[in-house]
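Down below is the structure, laid out as structure tokens.
One is the number of the first residue; the rest follow in order along the sequence.
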Amino acid sequence: MRSKIRYADVEAGTELPRRTFQVQRGTLVRYAGASGDFNPIHWNTRFAAEVGLPDVIAHGMFTMAEAARVVTDWTGDPGALVSYAVRFTKPVVVPDDATGALIEVRATAAEKLDDEARTVRVDITATSRGHKVLGMARAVVRLA
């Protein structure tokens, strides 16, 4: 595959389509099975409380991956992602109800880095319940 977004068509400040991701307890169980991360803080309310958490929390890598989807969906090619890094700032608390938690993701093409390589830095903001859950979230993508 190749990026559907052309480097020449992107300017610094270009906003990517915003996304909201719903996370429920079942989502966390499926992610645990896929990732092999069965830490009980991601599925057991009692255990989460015993270690000082307000409730079960989403896996950090799951949160990171959901935020990256905004970028890869925009490019149309997951292979366009050259690098990606975040800091985990707050956990995504996932209550045991019909709604669960919401992760709201915004992203902006912040800077064109290299005309020859057609790379762009994308800055990402991910929040849940009004709290920033990822800090310094940045991706570099190679565009068409």
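- With rounding to the nearest 0.5 Å, the separation of CD in E111 from CZ in R138 is 8.5 Å.
- Grouping the Ile, Leu, Val, Met, Phe, Trp and Tyr side chains by contacts below 4.5 angstrom, directly or via other members, places L81 with L134.
- Using a 4.5 Å cut-off on side-chain heavy atoms (C-beta onward), V23 and L102 make no contact.
- One N or O on the side chain of H42 and one on the backbone of I57 form a donor-acceptor pair closer than 3.5 Å.
- The shortest heavy-atom contact between A80 and S3 is CB-CB, 4.3 Å.
- Summarising the geometry, atom OG1 belonging to T125 is positioned 4.5 Å from atom CZ belonging to R106; distances are rounded to the nearest 0.5 Å.
- The two residues T127 and K132 have their closest heavy-atom pair at CG2-CA, 3.9 Å.
- Remark: side-chain polar atoms of R118 are paired, donor with acceptor, to backbone N or O of L143 under 3.5 angstrom.
- Taken to the nearest 0.5 Å, the OG1 atom of T20 stands 11.0 Å off from the CD atom of E66.
- In summary, D55 and R25 engage in a salt bridge, as defined by a charged side-chain N under 4.0 Å from a carboxylate O.
- M64 and L16 end up in the same hydrophobic cluster when Ile, Leu, Val, Met, Phe, Trp and Tyr side chains are linked at under 4.5 Å.
- For the atom pair T72 OG1 and D77 CG, the distance stands at 9.0 Å (nearest 0.5 Å).
- Judged purely by atom type and a 3.5 angstrom limit, T63 uses its side chain to pair as donor or acceptor with the backbone of H59.
- Looking at E104, its side chain never comes within 3.5 Å of a backbone N or O of A126 through a donor-acceptor pair.
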Could you walk me through whether V140 and L113 satisfy the side-chain contact (heavy atoms from CB on, under 4.5 Å) test, starting with their C-alpha distance in whole Å, then the side-chain angles of each, then the deciding distance to 0.1 Å, before giving a yes or no? CA-CA 9 Å; V140 174; L113 298 175; 3.9 Å; yes
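- Atom-to-atom distance recorded for F62:CZ and S35:OG is 10.5 Å, nearest 0.5 angstrom.
- In this structure, A109 and V120 approach most closely via the heavy-atom pair CB-CG1, 3.8 Å.
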Would you please test F21 and V70 for side-chain contact (heavy atoms from CB on, under 4.5 Å) and show each step? CA-CA 10 Å; F21 300 97; V70 170; 4.1 Å; yes
Apply side-chain hydrogen bond (donor to acceptor under 3.5 Å, both in side chains) to residues D37 and Y31 and explain how you reach the verdict. CA-CA 8 Å; D37 181 353; Y31 183 81; over 6 Å; no
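- Here the closest non-hydrogen pair linking P95 and A101 is CD-N, 4.3 Å.
- Residues T119 and Y7 fail the side-chain proximity criterion, which asks for heavy atoms closer than 4.5 Å.
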Kindly determine whether L53 and I41 satisfy side-chain contact (heavy atoms from CB on, under 4.5 Å), including the steps that lead there. CA-CA 8 Å; L53 295 169; I41 63 173; 3.8 Å; yes
Does R19 form a side-chain contact (heavy atoms from CB on, under 4.5 Å) with R69? I'd like the steps, not just the answer. CA-CA 9 Å; R19 295 273 313 265; R69 285 178 57 191; 3.2 Å; yes
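- At distances below 3.5 Å, at least one donor-acceptor pair connects side-chain atoms of K112 with backbone N or O atoms of V10.
- Shown here for W74 and P17, the closest heavy-atom pair between the two residues is CD1-CD, 3.9 Å.
- No chain of hydrophobic side-chain contacts below 4.5 Å, direct or via other Ile, Leu, Val, Met, Phe, Trp or Tyr residues, connects F47 to V56.
- When the side chains of ILVMFWY residues are joined at heavy-atom separations under 4.5 Å, either directly or via intervening members, I5 and V141 end up in a single hydrophobic cluster.
- Note: T75 OG1 to R2 CZ = 12.0 Å, rounded to the nearest 0.5 Å.
- The same ILVMFWY cluster, assembled from side-chain heavy atoms under 4.5 Å apart, contains both V94 and F88.
- I124 approaches A67 most closely through the heavy-atom pair CG2-CB, 4.1 Å.
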